[in-house]
Amino acid sequence: MADFEPKIIVFLCNWCSYGGGDLAGVNREQYPSNVLGIKVMCSSRVSPEHIMESFVDGADGVLVTGCHPGDCHYIDGNYKTIRKIDMFTKILEDFGIDPKRIRLEWISSAEGNKYARVMTEMTEEIRELGPLNLKDEVE
Amino acid sequence: MIHMKKDVLIIGGGISGVQAALDLADKGYEVVLVDKNPSIGGNMVKLDKTFPTNDCSICISAPKMVEASRNENITLLTYSKVKKVLGSSGGFEVKIWKRTKYVDPDVCTGCGDCEQSCPVEVPSEFDEDISNRKAIYVEYPQAVPLTYTIDYANCVGCGACERVCDAGAINFLEISQEIPIEVGSIIVATGFEMMQPDEWREEYGYGKYDNVLTAMEYERLLSASGPTDGKVLKPSDGKPPESVAWIQCVGSRCKQKGMPYCSRVCCMYATKQASISKGERPELDTSIYYMDLRAYGKEFQQYFDKAKTKEVNYYRGRPSRIYQLHDGKLAVEYEDTEKGEVKTDIVDMAVLSSAIVPSTGNAKIAEILGIELDEYGFFESKDMLTAPLDSTREGIYLAGCAQSPKDIPDSVSQASGAAARALMPLLKRERKGRSKKKPQRDVSEEEPRIGVFVCHCGKNIANYLDIEAVKEAVKDIPEVVYVDNSLFACSEDAQVIIKKAIDEHKLNRLVVSACSPRTHAPLFQDTMEEVGLNKYLFEMANIRNQCSWVHSDDPEKATEKAKLLTRMAVAKAKRLSALTEEEIEVGGHTIVIGGGPAGMQTALTLSRTGKKVTLVEKEGKLGGKLRRLNTIFPRDIDAREFADRMTHEVADEKNIRVILSAEIESVDGYIGNYKAKINGEDIEADTIVLATGFKEIEAKGWHGYGDDSRVMTQLEFDEALANNSLDKPENVVFINCVGALEEERPWCCRVGCGNSLKNAKEVKKRYPKANVFILYKDMRVFGKKEEEYYMDVEGEDGVVFLRYSTGQEPEVVKGKKKLELKVHDNLLDEDIEIEADYIVLAMQLEGDESAGKLKKMLKISSDPAGFYMEAHAKLRPLEFPSEGVYLAGGAHYPKNISDTLAQAEGAASKALIPMMRGYTKSEGMISVVDDEKCSGCKMCISVCPYGAIDHDPEEGIAVITDVLCKGCGSCASVCPVGAISQKGFEDDTLTAMIRAALLEDEVI
Amino acid sequence: MSDKLKIGFYWCAACGGCEISVLDIDEMILDVVELADIVFWPCAMDPKYEDLRAMEDGSIDVIFINGSIRSTENEEMVKLLREKSKKVVAYGSCSSIGGLFGLGNLYSKEELLEYGYNTPSTEEGGVIPAENSKVPEGELHLPPLLHHVRSLDEIIEVDIYLPGCPPLPNQLKEGLPLILEGKVGKYDLVSQKSVCDECPLEREEKKIPRLYPIQEMMLDPERCILDQGVLCMGPATAGMCEAPCPSVGHPCIGCNGPVRGVKDQGARMASALASVLGVEGEERMEESEIIDVVKSVRDPTGSFYRFSLPKSYLRYKRRDIHG
Ligand code: SF4
Ligand code: SF4
Ligand code: SF4
Ligand code: FES
């Protein structure tokens, strides 16, 4: 599937991961352009519905990012995110969607390199999995 | 910049200086913050993580720095020094020497083109010389201000930077200048330096062997944005080490080879560094060589325990030397005092926890300010115990490590406290009030008319992607009525163009497709407000940091992505609405709960600024624990006298009303609107300070307590000393850590060691012939003058220190006449028997029992030890998540008097912020409940970290208090019926962005 | 014929409960008959396909269709009914949101047939019905199953939704007259509020340590079931039923589907529950401990989507996981 260009939606929390993304820029770290970021104030704002919406609209992968546990700008938002994503991943699996298509990562605003790495890894992993094609599946 | 009239000068822009500046500026005082470096941030921003929470240091400190730089009441003078100070408290005349940076900060966009072109490389101070920087540089990527500086000493004058700077920010003709400033008070927050361990401790081979590092160097290696991208590598060969040793007390606690004092933070940061390294590479062998493991603070001991479970090895013993073997490995020679063996361990890397020493500039500053230094070069307090924040001169105050080594929460507490002190000379001054808002155009009835500006950022964007194509991609979206591009969208002239476009094209939404909103949104939002557009009608697409810079090798794909990002921003912009930040009035009345030293000091400070205080004490008398102490460690002053003095001061304040024997029946409401019922009386208040202190755990059952009156708790012994009711003893035994550092109550009580020491000293003073035995686990004395005190007591004849371990508790039996005590000394590895006249138990401490009730009423939480949980362990130790309630003293965690008083002043400072302003403001992007939908399931209530959501029992629905909501959006994602939406991040908005990103042909 | 309204009832893949529910309205049936003539009702009148085909387009004023769309026959019939009717009411949860049968969408139809006709619990070695089979009487044709269960609106346009499993008398008493008088919009009969709004049980702010299977709990009949650690779908379920289940101590199983305006009942419930589950002391836990509590939620997909799976975002099991 070498020529397949995955589309990946990334939810970025304003305080850490978005900053990590900015720092990756400052350091000119290169990573694939397949990721499209959507900023939320805290990872806890992301609902499973947003992830589903992304998948049915054609995303091949969804990445939720936030501050490291303990670092959440809103104290404990990301603990909720941990459980939400875990529970939701199980649901996705029941729906026959590869759990690798959803990923939760902690990226601090000092981790420009991690940001670039995660974006690269995620893109490569999804490329490996191939397109999800929820839109086109036989009905 | 000519003559400035300000209120307060703060010297030093580290975390303490910044905190003090914010505390004052938020009250309406104008502050000048001077730092000698090109950017503020001090030492904290260099750290990778902070103990005991492993918070990312830069992540938590950067927002504070940015806040300081944006605060209109704070003027930052970086790369500057104080040259001269004349006048006195209330009226100082200061001269500041501002060195030129040769870069106009108003023009520099921070793009970094210049840096790439500069041919000169010099070691980066910020990275402890491990990496290089250029002669034109910013200290670190998140630096505040984010503008470049030419370091004159290293610049070769080639002009390369000037040629590449499209913004034209570089000006070789700019000169340094002297700036005269008038202020009313001064805060000294010059921080600390780390001792260079080469000369003082040459036996450890620093400077001689590549793989011997200082802890700060190691910290930079750990830092994800450091010179090795967070990988720990041996400087000698760039390979990861297999084993690392930390050597504690390098230069600390040693009169002959450094400083006699304890540096207070090294045990914990070494533990942090080791456990983080271990977490990253579990195969790494980590050992810490220590003398006493001083894990004294809140959650420190638990952190240390956790490190041990991660197999970080601890050896008690101070290495005598380190030498290199022929294969490059390092040999650490030490005596394991627990085993009594001399050993040599072979490691790949050694990290020296070198002493915290005064900043080199202190002497000069002391001279300029006319204040005194202590014998080591830290600034001297007026009274170390009772007035720790005052320098030796009126009108000049001290914050943070400038006064003595301390950790971050203690520093920021002190900084807030110093801010409260610094406003005393300013009380008569007029403060800056609410800035007037420009009238805003009502756009609620208008159809969206969006203007899109695409920025070239010089070459930074335009070189890597097709700006025209980006414009093309959004220009046909029906709501987009204007599209333009700009060389530098953030430049002054671009603002003029934007304003004109808003006007001419009746734009009511603005999208800027450029760099990061984190750095640039406020600038564009200001522009919008100037022409009467609500600042929330703005959205940015980050096509630089998150596109052109990171996809520079593929212009085509970068262009595609930039198109989508811009499209997404437009989709969002279309759905934006004007938001307001609600204000509520906050009056000037505080209820201070707890009448110990913390509560009294808070009340005094508040009252002296003219605020009304109700001081509530459950006992019949003010004074708290002071009433039960004999003397106060480490100054041996009379505790009751001190309590009386404070009580009198309180009585003299007519703004303070004291309620004794008080019972708090209920507290309800929120900031500006608290309603309490105390002893049957209804009392309304605007803020609340909790100073409920701590208590000893139940002593019954420990070491025979309760069976024999000669076994007493430390407090009872203090009382006996004060009442002089002891029978002349021959042998007195102090047992430290009773009920502490064990599984059920793992925390350290922080004050027990000191109390035993001072009571031991008192016993020796009264009964010189008596023998005193101190049974301890680790001797945790860490504050100013405490280690010295310990050394004195240790040096006295007839004082014996015995070290015991958890699990090998001393046994006490009643002998014929005396108490018989048996203990296993783990240093001598011997059982020791003592016939004691008195056995004094330094009991574990826990939070006051009132916490159980109060935390429910105030919607805050406490930890398992019963101490309140502050908003943030590092940076917000005095506050709770919800504004309006503050914390001081032992209710936070046990602490000595000087820390308590500093914290109390700090808590007062925090409470004064909304009270002096007279209002508090909500965020704009808050969440709202739709009462048509809310079904009262109560799912959302506990989810809100700020207690902003309440259940309205009458309507049976949830209500969000605007001013308490901080806009995290958790609740919006929780509500199972979709009754909650977060403004600016509505489900519909997020969905629209997702669709804009993925469905390219769809109408957005 | 009179100028009374002409109405009809039709069932697709259904249990029959919806049909019976129509009779549950007691004497109100008289009012209905007053207002309308029932012109089509296979359950009661045994009309043939031809009879329906013969009807003029738009000749039925209101058709009430219950049951999910499972076979080609269901599909063809509802398309035909759409042509013949002015207004289509999706009656009951199966037609509105896919219904209980929708859980079958977590399996392929082959798996379902195999399970239904050839497992020890059904009839091992049984015969899987063929589309066409010869019997002594001649050739038999069975309409094949569709790829997955669908809600009615995936096939035809629906004018009014009336979920419920089945719709309860109170819903009908309120809704039927309005429907017949043409006074309701598409979603007006779907509540905006959840079952909790009508639930009489005493509830606290939710902080649930973990979930327990209901059989392991002695439930306090006065207190909110979810608060006591037993899964109740009340919070995420449209409440026009007056909370009959929790009122008698049985957790809500979510039969009404999501409230008006919510697309995905299961996702909402997952998000809500995950946020309030096991929060105590989370700040001192490792990530693995934090998610441990999620294990106490048994079969989240089955429980959260019990009635609304075909109308959720994902609708049926995908074949993305290989091997
Ligand atoms: S979660 Fe939603 S329905 Fe439940 S109480 Fe909160 S706002 Fe109301
Ligand atoms: S948005 Fe966050 S802070 Fe605001 S009410 Fe909801 S949970 Fe609380
Ligand atoms: S029992 Fe169920 S329906 Fe009733 S309040 Fe609790 S969660 Fe809601
Ligand atoms: S703010 Fe980053 S995860 Fe909550």
Side-chain angles (χ1 to χ4, degrees), chain A residues 5 7 9 11-12 14-16 18-42 44-50 53-54 57-59 67-77 80-81 84 108-116 119 135, chain B residues 48 53-60 62-63 112 141-142 223-225 229-230 515-519 542 544-554 557-558 560-561 564-565 568 871-872 881 925 943 945-946 966-970 972-974 982 984-985 987 990-991 993-995 997-999:
Chain A
E5 284 303 340
K7 288 184 179 169
I9 295 287
F11 292 96
L12 299 161
N14 180 57
W15 302 95
C16 280
Y18 198 93
D22 280 355
L23 184 61
V26 171
N27 296 340
R28 311 296 197 274
E29 312 252 9
Q30 301 290 308
Y31 56 84
S33 63
N34 305 55
V35 291
L36 289 165
I38 295 179
K39 188 179 81 176
V40 285
M41 294 311 280
C42 173
S44 64
R45 171 67 191 96
V46 181
S47 324
E49 277 185 302
H50 304 136
E53 177 76 45
S54 309
D57 291 343
C67 316
H68 286 264
D71 286 9
C72 173
H73 187 78
Y74 303 100
I75 302 168
D76 54 15
K80 322 263 176 283
T81 312
K84 266 187 243 183
S108 83
S109 64
E111 293 174 323
N113 51 354
K114 179 165 184 193
Y115 187 95
M119 300 303 144
K135 275 193 297 186
Chain B
D48 169 46
T53 45
N54 283 352
D55 272 314
C56 157
S57 189
I58 183 77
C59 309
I60 56 174
Q142 300 89 341
S223 169
S225 43
D229 287 343
C515 51
S516 173
R518 281 167 56 100
T519 50
N542 192 339
R544 188 187 75 179
N545 295 44
Q546 301 189 5
C547 189
S548 71
W549 273 351
V550 289
H551 313 310
S552 47
D553 46 7
D554 194 339
K557 285 187 179 155
E560 279 317 300
K561 178 166 165 184
L564 289 175
L565 289 175
M568 289 157 74
H872 188 274
M925 291 179 297
V943 166
Y946 304 99
K966 297 273 179 269
C968 66
S970 298
S973 137
V974 165
Q982 186 192 4
F985 295 91
D987 278 325
L990 292 175
T991 307
M993 290 182 81
I994 296 168
R995 297 174 72 87
L998 296 166
L999 305 170

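The sequence lines fix the lettering, A, B, ..., with proteins before strands; numbering per chain opens at 1.
The shortest non-hydrogen separation linking Tyr18(A) to Ser516(B) is CE2-OG, 3.6 Å. Considering every non-hydrogen atom in both Pro141(B) and Val26(A), the closest pair reads CB-CG1, 4.0 Å. Listed here is the closest heavy atom pair of Val550(B) and Gly25(A): CG1-CA, 3.7 Å.
Per-residue counts of heavy-atom pairs under 4.5 Å with chain A were compared for Ile60(B), Thr519(B), Asp553(B); the largest is that of Asp553(B). Residue with the most contacts toward chain B among Ala24(A), Ala110(A), Ser109(A), Ala116(A): Ala110(A) (heavy-atom pairs, distance under 4.5 Å). Contacts with chain B were tallied for Met41(A), Glu111(A), His68(A); Met41(A) has the most, counting heavy-atom pairs under 4.5 Å. Between chain A and the residues Gln142(B), Lys561(B), Met568(B), Arg518(B), the most heavy-atom pairs under 4.5 angstrom are made by Arg518(B). Heavy-atom pairs under 4.5 Å with chain B peak, among Gly37(A), Gly70(A), Ser54(A), at Ser54(A). With respect to chain B, the highest number of heavy-atom pairs below 4.5 Å among Cys16(A), Ser47(A), Pro69(A) belongs to Ser47(A). Ranked by heavy-atom pairs shorter than 4.5 Å toward chain A, the options Asn542(B), Leu564(B), Ile58(B) are led by Asn542(B).
Taking OG from Ser108(A) and CG from Asp48(B), the interatomic distance works out to 8.0 Å, rounded to the nearest 0.5 Å. Note that NZ of Lys39(A) and CG of Leu990(B) are 11.5 Å apart. Values are rounded to the nearest 0.5 Å. Here the CE atom belonging to Met993(B) is positioned 9.5 Å from the CZ atom belonging to Phe11(A), to the nearest 0.5 angstrom. Atom CG of Leu998(B) is separated from atom CG of Leu36(A) by 7.0 Å, given to the nearest 0.5 angstrom. Put simply, OG on Ser552(B) and CD on Glu29(A) are 11.5 Å apart, with the number rounded to the nearest 0.5 Å. Of the inter-residue distances, the one linking Cys968(B) atom SG with Ile75(A) atom CD1 reads 9.0 Å to the nearest 0.5 angstrom.
Only the side chain of Gln982(B) comes within contact range of chain A, with at least one heavy atom under 4.5 Å from a heavy atom of that chain. Pro48(A) does not touch chain B: none of its heavy atoms, backbone or side chain, sits under 4.5 Å away. Ala62(B) does not touch chain A: none of its heavy atoms, backbone or side chain, sits under 4.5 Å away. For a residue to count as touching a neighbouring chain, one of its non-hydrogen atoms must lie under 4.5 Å from one of that chain's; by this rule Asp71(A) touches chain B with backbone and side chain alike. Heavy atoms closer than 4.5 Å to chain B are found in both the backbone and the side chain of Val35(A). Interface remark: Lys114(A) contributes no atoms to any contact with chain B (heavy atom separation under 4.5 Å).
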Lys80(A)/Val943(B) under side-chain contact (heavy atoms from CB on, under 4.5 Å): CA gap, chis, key distance, verdict: CA-CA 8 Å; Lys80(A) 322 263 176 283; Val943(B) 166; 4.2 Å; yes
Intermediate values then yes/no, side-chain contact (heavy atoms from CB on, under 4.5 Å), Asp554(B) and Ser33(A): CA-CA 9 Å; Asp554(B) 194 339; Ser33(A) 63; 5.9 Å; no
Evaluation steps, side-chain contact (heavy atoms from CB on, under 4.5 Å), between Trp549(B) and Gln30(A): CA-CA 8 Å; Trp549(B) 273 351; Gln30(A) 301 290 308; over 6 Å; no
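For the residue pair His50(A)/Asp987(B), the side-chain donor-acceptor check at 3.5 Å is satisfied. Checking Ser973(B) against Lys84(A) by side-chain atom types alone, a donor-acceptor pair falls below 3.5 Å.
Within the 4.5 Å cutoff, side-chain heavy atoms of Leu12(A) are placed close to those of Gln546(B).
Taking a cutoff of 4.0 Å between a charged side-chain nitrogen and a carboxylate oxygen, Arg544(B) and Asp22(A) do not qualify as a salt bridge.
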